[in-house]
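This structure is a prediction, so every number in the text was calculated from the model and none was measured. Numbers here are sequence positions counted from 1. Every heavy atom of this structure was used, including side-chain atoms; hydrogens, water molecules and symmetry mates were not.
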Amino acid sequence: MTRTAFTMAAGLACSSVALGQTFNLGLYEGQWDNNTFGSTGGASVLIDDLGGGALGMTIDLDGFVFGLGDPGPISVSGMLMGDTFTLTPQSDPLYGDISGGVDDMGNLSVDLVDAAMGDFAFVTLRGTAIADSIQFDYTIFTEAGTAPFAVGEVNVRLVPAPSAIALLGLGGLVSLKRRR
């Protein structure tokens, strides 16, 4: 997989704008933690360029997600338009109706409606997706207008691609083994 970076903010489009951030493609790995019930699991997000401004994401959460068990990966997609990434709305039995995205400053805002086969009325994901890090808090509501049922966080970081030196070193070790 080729790793590239999209520049999502205009950067120096005008002299007063000094902020710019990149949204890197590739594999992000880390974990999720439910701060209410103490459950945790691995988390990964693979972000691919689908061409024409479209991005695909394969999200895999391990452990007892929503207390229901270890779900398989889910694939979502969206469009990078100017400085903003917008998810294509979709429905999934476990994650519910999914919508949201990342604004030009890297603020992540995603909503899940009727998640966990309808057991949770609303789940909010709020945080950031900037450069090599995606971090957000989640809040789960069983009914609209009630206190949160559970809160937690997800933190994943971009896994660096192997460098040419590391690959050469690995190749050297392999060839040394073959000579014995």
Is [Y] close to [X] at the side-chain level, that is, under 4.5 Å between some pair of heavy atoms?
X	Y	result
M81	T84	no
S39	W32	yes
V159	L46	no

Sequence neighbours left out, what pairs pass salt bridge (Lys or Arg N to Asp or Glu O under 4.0 Å) with at least one residue falling in residues 69-78? none
Under the side-chain contact (heavy atoms from CB on, under 4.5 Å) test, residues paired with [X] that sit two or more places apart:
X	answer
D60	S44, D62, P73
P148	T139, F141, V151
E153	D33, N35, D137, N155
D119	A116

Output a table of donor-acceptor pairs, distance under 3.5 Å, between side-chain atoms of residues 85-102 and any protein atom two or more places apart or on a different chain; print 'none' if there are none.
residue	atom	partner	partner atom	Å
T88	OG1	S77	O	3.4
Q90	NE2	S75	O	3.3
S91	OG	D97	OD1	2.4
D92	OD2	L94	N	3.0
D92	OD2	Y95	N	3.0

R126: partners by salt bridge (charged side-chain N to carboxylate O under 4.0 Å, His left out), with sequence neighbours left out: D111
T142 meets the side chain to side chain donor-acceptor pair (under 3.5 Å) criterion, sequence neighbours left out, with none
Apply side chain to side chain donor-acceptor pair (under 3.5 Å) to S133 and list each qualifying residue two or more places apart in sequence or on a separate chain. Q135
Pairs in or reaching into residues 102-127: which pass ring pair (Phe, Tyr, Trp, His ring centres under 6.0 Å), with residues at least two apart or in two chains? F66-F120, F120-F149
